[in-house]
Protein chains: 2
Amino acid sequence: MTLSEEDYIKAIYHLGKGDNTTVSTNSVAEMVETKPSSVTDMVKKLSDKGVVNYRPYKGVNLTEYGQKIALTLVRKHRLWEVFLVEKLGFSWDEVHEVAEQLEHIKSEKLIDQLDKHLGYPQVDPHGDPIPSKTGEFKKTIKKLLIDIPVGTSGICVGVKDSSPPFLKFLDKNKIALGDTILIVDKEEFDGSFNIQINKKNIHISNQIASNLYLKISE
Amino acid sequence: MTLSEEDYIKAIYHLGKGDNTTVSTNSVAEMVETKPSSVTDMVKKLSDKGVVNYRPYKGVNLTEYGQKIALTLVRKHRLWEVFLVEKLGFSWDEVHEVAEQLEHIKSEKLIDQLDKHLGYPQVDPHGDPIPSKTGEFKKTIKKLLIDIPVGTSGICVGVKDSSPPFLKFLDKNKIALGDTILIVDKEEFDGSFNIQINKKNIHISNQIASNLYLKISE
DNA sequence: ATAAATATTTAGACAAACCTAAAACATTTA
DNA sequence: TAAATGTTTTAGGTTTGTCTAAATATTTAT
Ligand SMILES: [Mn+2]
Ligand SMILES: [Mn+2]
Ligand SMILES: [Mn+2]
Ligand SMILES: [Mn+2]
């Protein structure tokens, strides 16, 4: 597959919402930042190659073969993201653009060895799951910390309240996007939480807990 | 620069023998595995961009600007080669193809951090020097071990005699291409050598020493 | 010095991936 | 259910990087 073909396949995969829903020409165009007419051309070519099912005016989705390719690309993209953050000191929000390039490097050995070098990570820095070599992975969902059971851990991926006071609080307590958080304990009395973050235990109120989104494996 | 343009620039650089000699259309074609007519086209384009000096029928070489680009590419290529060998366990002869792709990834931060991650290496797994961020590097030369002064170290890059008995000897003594060898001592009496390889000292005869090529910095 | 051999460029085409403008189809709205 | 609106495809072009075949320049050999 060429670099362009791969980017289209990934777009169709991501728009397919995990269940390979048929997606529109326009939505693909928006995702790959091109014009709908270009998508029509490409999608015909991918259809000829057996990568997608395409019915004119009706939309497009991935074949089995296409899904396999998509999962390999997602695996590569996310492993590179882990590498950039863990080994090269990139931050959460700097990795995407570079991974977007690195995902197209062709070498099976490279990816296998990278996976090993990173200690076979299960999730990327954004909390998204990394498919195994055979394409399996756990789905993840985004939940408010307050709705997550004790003993579970997840990755901080967003805030509900983004007011300066709240952000300042997070900053002061060194809670940042991309951090792994373990729910240690929940206090019956006031609904407050004990959480572990960066190897330290801290205590947060019910209010804080209801404004932090984590991504956890189902 | 596009991937293709970069590969042409590298080819012109490598054919230029370090002193930026003017090179022929045919030689470039051979190196980038294309036809001479394609080289003519590309070289005109690179000339318009100020990357090369081109005189029809006379040949092509790099401008100052072109040399800068070439050195950046060589730097990237060789840093990735070190990464593949040192961090991912690739062997000497497996890295080139992958580095040929990785060298085109665009991110200055990526290369700076990779350099740091690798501990600012001076040479790649083939004994070739890695240009600094500003483009400086020591030239290296290939010499028979026998002609190298005591105290110098280099990287094993080839053999003069490739007969089975000699190769078997190297194998038995765990001397492989890509290994770093330090000349510890030379025996006046029989011209034999003490060398250090893989943190072990071994003794080799004058005959062995006159059939092993090392790459050393000038 | 001339002819033969070789190297290089030009001319004309092609595939990939994109574009704009116009036509065809589908959906919504009145 | 017909018009209006929005979506998708088609038609026709462009750019990049490649190719073959033919023309031209340069080098080598007689
Ligand atoms: Mn990409
Ligand atoms: Mn990610
Ligand atoms: Mn390359
Ligand atoms: Mn090398």
Side-chain angles (χ1 to χ4, degrees), chain A residues 1-17 21-62 66 69-70 73 97 100-101 103-106, chain B residues 1-17 21-62 66 69-70 73 97 100-101 103-106:
Chain A
M1 298 293 147
T2 66
L3 190 148
S4 274
E5 287 171 342
E6 290 185 343
D7 280 341
Y8 277 91
I9 292 168
K10 265 200 350 173
I12 295 165
Y13 173 82
H14 286 305
L15 292 165
K17 291 272 168 202
T21 313
T22 290
V23 299
S24 73
T25 301
N26 261 20
S27 61
V28 175
E30 195 179 339
M31 183 152 287
V32 302
E33 291 179 289
T34 184
K35 296 289 143 104
S37 55
S38 303
V39 175
T40 304
D41 285 350
M42 180 59 93
V43 137
K44 279 180 186 166
K45 193 172 47 154
L46 291 176
S47 179
D48 289 345
K49 285 196 173 192
V51 173
V52 302
N53 303 118
Y54 168 59
R55 292 183 41 229
Y57 295 104
K58 295 302 177 186
V60 65
N61 72 356
L62 298 171
I69 296 171
L73 288 166
E97 188 193 333
E100 202 57 48
Q101 299 177 60
E103 70 191 357
H104 302 289
I105 304 292
K106 269 127 193 112
Chain B
M1 299 292 148
T2 66
L3 190 148
S4 274
E5 288 171 341
E6 290 185 344
D7 281 340
Y8 277 94
I9 292 168
K10 264 198 352 173
I12 294 164
Y13 173 82
H14 286 305
L15 292 165
K17 293 269 167 206
T21 313
T22 290
V23 299
S24 73
T25 301
N26 262 18
S27 61
V28 175
E30 194 179 342
M31 182 153 288
V32 303
E33 291 179 287
T34 184
K35 296 289 142 103
S37 55
S38 303
V39 175
T40 304
D41 286 349
M42 179 59 92
V43 137
K44 279 179 186 166
K45 192 171 52 154
L46 291 176
S47 179
D48 290 345
K49 285 195 172 192
V51 173
V52 301
N53 303 118
Y54 167 57
R55 293 180 45 229
Y57 295 103
K58 296 300 178 187
V60 64
N61 72 355
L62 297 171
I69 297 170
L73 288 166
E97 187 193 335
E100 201 57 48
Q101 299 176 60
E103 70 192 356
H104 302 288
I105 303 292
K106 267 123 193 117

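In what follows, every chain begins at residue 1, and chains take the letters A, B, ... in the order their sequences are listed. Quick caveat: nothing in here was measured; it's all calculated off a predicted structure.
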Discussion item. I'd like to compare against my own output: the B/S/- annotation of nucleotides 20-27 of chain D with a strict under-4.0 Å heavy-atom distance to protein.
Written reply: B---BSS-

Worksheet, complete the sentence: Result for 5'-nearest mapping on DNA chain C, choosing between A:Thr34 and B:Gly59, is B:Gly59

Worksheet entry | Nearest-Å distance for atom pair CD/P, residues B:Glu33 and D:dC19 | 10 Å

Practice prompt. Give the nucleotide from the list C:dT9, D:dT10, D:dC19 with an atom nearest to the side chain of B:Pro36.
Written response: C:dT9

Worksheet entry | B:Thr34 (side chain) donor-acceptor with B:Glu30 (main chain) under 3.5 angstrom | no

Fill in: Separation of A:Asn61 CG from A:Leu15 CG (nearest 0.5 Å)
12.0 Å

Discussion item. Just N and O in the side chain of A:Tyr8: are any of them under 4.0 Å from OP1 or OP2 of C:dC18?
Written reply: yes

Worksheet item: With a 4.0 Å cut-off, would you call B:Lys106 and A:Glu97 a salt bridge?
Response: no

Item to complete: Could you tell me whether the phosphate oxygens of D:dT7, OP1 or OP2, come under 4.0 Å of any side-chain nitrogen or oxygen in A:Ser24?
Response: no

Worksheet item: Does B:Thr25 make a side-chain N or O approach to OP1 or OP2 of C:dT9 shorter than 4.0 Å?
Response: yes

Item to complete: Drop me the distance from A:Asp41's CG to A:Lys35's NZ, to the nearest 0.5 angstrom.
Response: 14.0 Å

Practice prompt. Using atom CD of A:Glu5 as one end and atom P of C:dA16 as the other, report the distance to the nearest whole Å.
Written response: 8 Å

Worksheet item: Any side-chain N or O of A:Asn26 less than 4.0 Å from the OP1 or OP2 oxygen of D:dG6?
Response: no

Discussion item. For C:dT10 and B:Lys44 - does any side-chain N or O of the residue sit under 4.0 Å from the phosphate oxygens OP1/OP2?
Written reply: yes

Practice prompt. Please report, rounded to the nearest Å, how far the C1' atom of C:dC18 is from the CE atom of A:Met42.
Written response: 9 Å

Discussion item. Output the rounded distance in Å from CG (A:Asp41) to P (D:dA11).
Written reply: 11 Å

Discussion item. Just the rounded figure in Å: distance from P of D:dT16 to CG of B:Asp48.
Written reply: 11 Å

Worksheet item: Just how far is it from atom CD of B:Glu6 to atom OG of B:Ser4, taken to the nearest 0.5 Å?
Response: 9.5 Å

Worksheet item: Got a second to check how far A:Ile9's CD1 is from A:Leu73's CG, nearest 0.5 Å?
Response: 6.5 Å

Fill in: Worked check of side-chain contact (heavy atoms from CB on, under 4.5 Å) between A:Lys10 and A:Met31
CA-CA 10 Å; A:Lys10 265 200 350 173; A:Met31 183 152 287; over 6 Å; no

Response to the item:
B:Met1 CE to D:dT16 C1', in whole Å, measures 14 Å

